[in-house]
K.L.:
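Okay, here's the structure, questions in a sec.
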Amino acid sequence: MTSFKDAGVAAARGTKEAAAPRVNVVLAKVGLRKPPAPKWPWVAGAIGAGLAIGGAVAYLWYRQRSESIGEQLLADELLDDTELDDRALQEELVDSVSR
């Protein structure tokens, strides 16, 4: 008798779990239950925020890198001995760059 009871309870539980999504849809259409909120706006927002933060970080890295390359090129140009024969002028340029 207990086995028949357990089998009936399991069948009823399975029927309830199978019918629950359809019942929820009907109750939402009738207005008795609030429809579940869609999850895709959260996913799209998270992806958009990640792209914005990644873009900002990449821009800052690019800007810092290009500034350091520009400073290095300027220093190389100013310290080039082939064009400058006057040591005083060279020292003055080095001082102005290092300030």
Side-chain angles (χ1 to χ4, degrees):
M1 202 61 168
T2 306
S3 298
F4 287 126
K5 181 182 166 190
D6 291 341
V9 168
R13 185 177 299 130
T15 304
K16 180 183 171 189
E17 290 173 1
R22 293 185 182 154
V23 171
N24 288 336
V25 169
V26 170
L27 290 176
K29 285 183 180 179
V30 174
L32 297 176
R33 181 172 283 174
K34 189 176 176 181
K39 293 186 177 23
W40 66 267
W42 288 97
V43 173
I47 291 172
L51 287 174
I53 291 171
V57 167
Y59 173 73
L60 291 174
W61 175 76
Y62 168 77
R63 194 169 140 197
Q64 181 183 12
R65 185 171 177 262
S66 64
E67 284 178 2
S68 66
I69 289 173
E71 290 171 356
Q72 182 63 36
L73 289 174
L74 179 63
D76 288 345
E77 184 179 321
L78 291 175
L79 296 176
D80 190 16
D81 284 341
T82 58
E83 295 177 11
L84 294 176
D85 292 333
D86 188 17
R87 278 288 190 208
L89 180 59
Q90 183 178 1
E91 289 174 10
E92 182 181 336
L93 289 173
V94 170
D95 289 339
S96 67
V97 170
S98 62
R99 278 187 238 151

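What you see is a predicted model, and the numbers here were worked out from it, not measured in a lab. Any value given below was found using the heavy atoms of this structure, including those in side chains, with hydrogens, waters and symmetry copies removed. The first residue of the sequence shown is numbered 1, and numbering continues consecutively from there.
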K.L.:
What pairs with L60 under side-chain contact (heavy atoms from CB on, under 4.5 Å), at least two apart in sequence or on another chain?
P.N.:
none
K.L.:
Starting from L51 and following side-chain heavy-atom contacts under 4.5 Å between hydrophobic residues (I, L, V, M, F, W, Y), which residues can be reached?
P.N.:
V43, I47
K.L.:
Not counting sequence neighbours, which residues clear side-chain contact (heavy atoms from CB on, under 4.5 Å) with V30? List them please.
P.N.:
V26, L32
K.L.:
For P38, check side-chain contact (heavy atoms from CB on, under 4.5 Å) against everything at least two apart and list the hits.
P.N.:
W40, P41
K.L.:
Among residues at least two apart in sequence or on other chains, which ones pass side-chain contact (heavy atoms from CB on, under 4.5 Å) with I69?
P.N.:
R65, L73
K.L.:
Output all residues satisfying side chain to side chain donor-acceptor pair (under 3.5 Å) with E67, sequence neighbours left out; order by chain, then residue number.
P.N.:
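If we apply the side chain to side chain donor-acceptor pair (under 3.5 Å) test to E67, skipping adjacent residues, there are no hits.
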K.L.:
Any salt bridge (charged side-chain N to carboxylate O under 4.0 Å, His left out) pairs touching residues 36-46, not counting sequence neighbours?
P.N.:
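The answer is none; no pair qualifies.
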